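The structure appears right after this line, and notes come after that.
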2 protein chains.
Amino acid sequence: MSVTMKDIAKEAGVSKATVSRVINKDAYVSENTRKKVMDLVQKYDYKPHTVARGLARDLSHTLGLMIPGPPRDITDPFFLEFLHGVGNKAAEYSYSLSLPTVSEKDKRELYEEGINFNQLDGVIIVNPKVNDFRIEYFQEEDLPFVFLGRPLKNRDDVCWVDGDNVGGAYEAVEYLIEQGHEKIACITGTDEFVASRLRFKGYKQAIEENNLEFDENLIVSGEFTRESGYQKMKELIAQGNSFSAVFAVSDSMAIGAIRALKEEGIAVPEECAVMGFDGIDLGAYTEPRLTTVRQPAYELGEEAVESLINLINGNKNFNWHKVLDLELLIRDSV
Amino acid sequence: MSVTMKDIAKEAGVSKATVSRVINKDAYVSENTRKKVMDLVQKYDYKPHTVARGLARDLSHTLGLMIPGPPRDITDPFFLEFLHGVGNKAAEYSYSLSLPTVSEKDKRELYEEGINFNQLDGVIIVNPKVNDFRIEYFQEEDLPFVFLGRPLKNRDDVCWVDGDNVGGAYEAVEYLIEQGHEKIACITGTDEFVASRLRFKGYKQAIEENNLEFDENLIVSGEFTRESGYQKMKELIAQGNSFSAVFAVSDSMAIGAIRALKEEGIAVPEECAVMGFDGIDLGAYTEPRLTTVRQPAYELGEEAVESLINLINGNKNFNWHKVLDLELLIRDSV
DNA sequence: CTGAAAGCGCTTACAG
DNA sequence: CTGAAAGCGCTTACAG
């Protein structure tokens, strides 16, 4: 049983209320009693009991991180790095985490059943969809949340952190163009995810602004997994249209694509260059090593927590929309 | 504000105490009032407030997971998979997680400063060392804990889950022997970690029981990282002793070793076979793909949580020592 | 089998 | 600037 507020109060000869005030940096405490209390706090290394405080303030001091279900699930290295950032930052502010794996199914019921939201101070959700029911859901519940990934339409009432998808994709494709490629295929993601659209937008923009021909036939759409990258690459090859490079909107798909290319006896990058997106560790170990655009997953995790805590504390003066720069990671597949 | 125990009590015409009893499956509640209460619980989808219960019972309902610091840190894919298992299982029992990254330094102070242990119901710690101060530390604190990895000496008073290190290593090396290798080098880990010793023990046992010569000169010791695997492989090559295979006690080191071998123009597996240990995803993407022993990281995470919750609940009748089988994963590097 | 009451460790109007 | 008191939502002896 560690030392409690009552103990401190008694020894300082003040009331618990007063101790509480100095702990919480309330104004209106005389310098004298503040010092007296603080000395005791030091002496006993007193730390307020988070759970009790939570009860009194109706806060749980725990954050929910809704992990996406398949196809892009937590084993995705990108999320793991993200999670790492979240975990560390939360610990820094001594928040706990709740990590329920929640299916992506577009059913509110699943949400409502699954998680005891009323015992969470806020949640981090990922992978915004084009029409994302979770936004209104959490707004109705009046539960603070931040999105990893921006929603399609810019809204002042939702807080998010994201990598610069359009810019990153643009940069990636422009690099391909600089290397002399003119026919550039694209393995994009499902249309329902905002990230797919944004990255595809960057691709298209780069093509058009560099006066290349945009060719519908060179576009296929996968599901962010290695398997789907492999499949879609096979389809692309089977179709017989010529291209000398392919841009996949996720590393996992790019890695699947490389495998398909090799299987078909097409040399990477000599006969077909491959550009990924994400910057997962795995890309440094493929043959050839994957050239890609790196998302700062760890930092995104930290920022998400910072924002969420601001939201929870009712702090209005911070940046509700943070976009972090991406960085071209030149390796050997282009 | 969701429905509370008081609300249920009022509507059922009983006291809060009674409601509490039926919620907690206390004996001695008449079938009649139990039913009355349960109906209301259903009707309002009442869920007890974990925080309040925690306060009353002096439990926080959160688990600590002490992530190891460098060299083997959380970005290690093995831990990430482990964490995934932990997170899911904890959520299933609606426990929260606290994930402070704590340095591995052998200083109690770091521990004491870092974490507010008195607000954790129990902790999971990883990577037991040969003489691990954490055991007595948590025992003195009287905080339930489970180890991922068995301690060196079998102790009835500590609870752990682990993969079968000796058996797994034995199997790996025996497979190498079956493939005709007789001079098998070993990149082991630092001596202070129990896992290093155990895996090395399996290696040695396989060598000796198959009547091969155990050669000290073929043993080097790394730090579980890719970088150190790379370094140690270079040293092994520089020493000039001949060998046709190498067993690394972690995949990360094995992957580093492959890189070194390639750099020196030694073909894998033709001129030197490489066997890893762990079964991380990355191994499926190296050239050649890594043959290894797979540890069930996810399951280990689940088991760790199950054990810890048993411990917390004062349940004595469960298996304090769980060892999960490992599985040879035959790919192309042997 | 059930209820009244005290308590878990804190916070927060209210009053002074 | 400070204290007494009620309250957060539950649990648990104690008494009946």
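Chain A is the first sequence line, chain B the second, and so forth, proteins listed ahead of strands; every chain is numbered from 1. For the numbers below, each heavy atom of this structure counts, side chains included, while hydrogens, waters and symmetry mates do not. On a predicted model such as this, the values are computed, not experimentally measured, just so you know.
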[atom2] on [Y] to [atom1] on [X], rounded to 0.5 Å:
{"X": "A/Leu97", "Y": "A/Leu65", "atom1": "CG", "atom2": "CG", "answer": "6.0 Å"}
{"X": "B/Asp157", "Y": "B/Gln139", "atom1": "CG", "atom2": "CD", "answer": "4.5 Å"}
{"X": "B/Asp164", "Y": "B/Arg150", "atom1": "CG", "atom2": "CZ", "answer": "10.0 Å"}

Report the distance from atom [atom1] of [X] to atom [atom2] of [N], rounded to the nearest whole Å.
{"X": "B/Asp121", "N": "C/dC8", "atom1": "CG", "atom2": "P", "result": "18 Å"}
{"X": "A/Met5", "N": "D/dG7", "atom1": "CE", "atom2": "P", "result": "20 Å"}
{"X": "A/Leu59", "N": "C/dT12", "atom1": "CG", "atom2": "C1'", "result": "14 Å"}
{"X": "A/Lys6", "N": "C/dC10", "atom1": "NZ", "atom2": "P", "result": "10 Å"}
{"X": "B/Arg57", "N": "C/dG9", "atom1": "CZ", "atom2": "C1'", "result": "17 Å"}
{"X": "B/Asp7", "N": "D/dC10", "atom1": "CG", "atom2": "C1'", "result": "13 Å"}
{"X": "B/Lys47", "N": "D/dC10", "atom1": "NZ", "atom2": "C1'", "result": "17 Å"}
{"X": "A/Asp58", "N": "C/dT12", "atom1": "CG", "atom2": "P", "result": "11 Å"}

Can we say [X] and [Y] salt-bridge, meaning some charged N sits less than 4.0 Å from an Asp/Glu carboxylate O?
{"X": "B/Glu303", "Y": "B/Lys89", "value": "no"}
{"X": "A/Asp39", "Y": "A/Lys35", "value": "yes"}
{"X": "B/Glu306", "Y": "B/Lys322", "value": "no"}

Which pairs, protein N/O on one side and nucleotides 13-16 of chain D N/O on the other, fall under 3.5 Å?
{"unit_1": "D/dA13", "atom_1": "N6", "unit_2": "B/Arg21", "atom_2": "NH2", "d": "3.2"}

(request) May I ask you to test the A/Phe79-A/Leu148 pair for a side-chain heavy-atom distance under 4.5 Å? (result)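 The answer is yes, as the side chains (C-beta and beyond) meet within the 4.5 Å cut-off.
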Counting just side-chain N and O atoms, does [X] come under 4.0 Å of either OP1 or OP2 of [N]?
{"X": "A/Thr33", "N": "D/dC1", "result": "no"}
{"X": "B/Ser20", "N": "D/dT11", "result": "yes"}
{"X": "B/Thr4", "N": "D/dC10", "result": "yes"}
{"X": "A/Thr18", "N": "D/dT2", "result": "no"}
{"X": "A/Arg53", "N": "C/dG9", "result": "no"}
{"X": "A/Tyr46", "N": "C/dC10", "result": "yes"}
{"X": "A/Ser30", "N": "D/dC1", "result": "no"}

(request) Taking all heavy atoms of A/Val146 and all of A/Trp160, pick out the closest pair and write down the distance. (result) CG2-CA, 4.5 Å
(request) On DNA chain C, check which nucleotide each of B/Gly13 and B/Ala52 is closest to and give me the residue with the more 5' one. (result) B/Gly13
(request) For A/Val19 and for B/Glu31, locate the closest nucleotide of DNA chain C by heavy-atom distance; then report the residue assigned to the nucleotide nearer the 5' terminus. (result)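 Residue closer to the 5' terminus by nearest nucleotide: B/Glu31.
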(request) With pairs defined as Watson-Crick or G-U wobble and both distances under 3.5 angstrom, please note down DNA chain C as a dot-bracket string, | for pairing with another strand. (result) |||.||||||||.|||
(request) With C1' as the reference atom in both, quote the distance from D/dG16 to D/dT12 in angstrom, rounded to an integer. (result)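 Comparing C1' positions in D/dG16 and D/dT12 gives a spacing of 16 Å.
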(message) Counting only side-chain heavy atoms from C-beta out, which of D/dC10, D/dC8, C/dG3 sits nearest to A/Leu55?
(response) D/dC8
(request) Please state whether the rings of A/Phe133 and A/Tyr137 are parallel, tilted or perpendicular, taking 30° and 60° as the class boundaries. (result) tilted
(request) Give a yes or no answer on whether the side chain of A/Asp121 reaches the backbone of A/His61 with a donor-acceptor pair at less than 3.5 Å. (result) yes
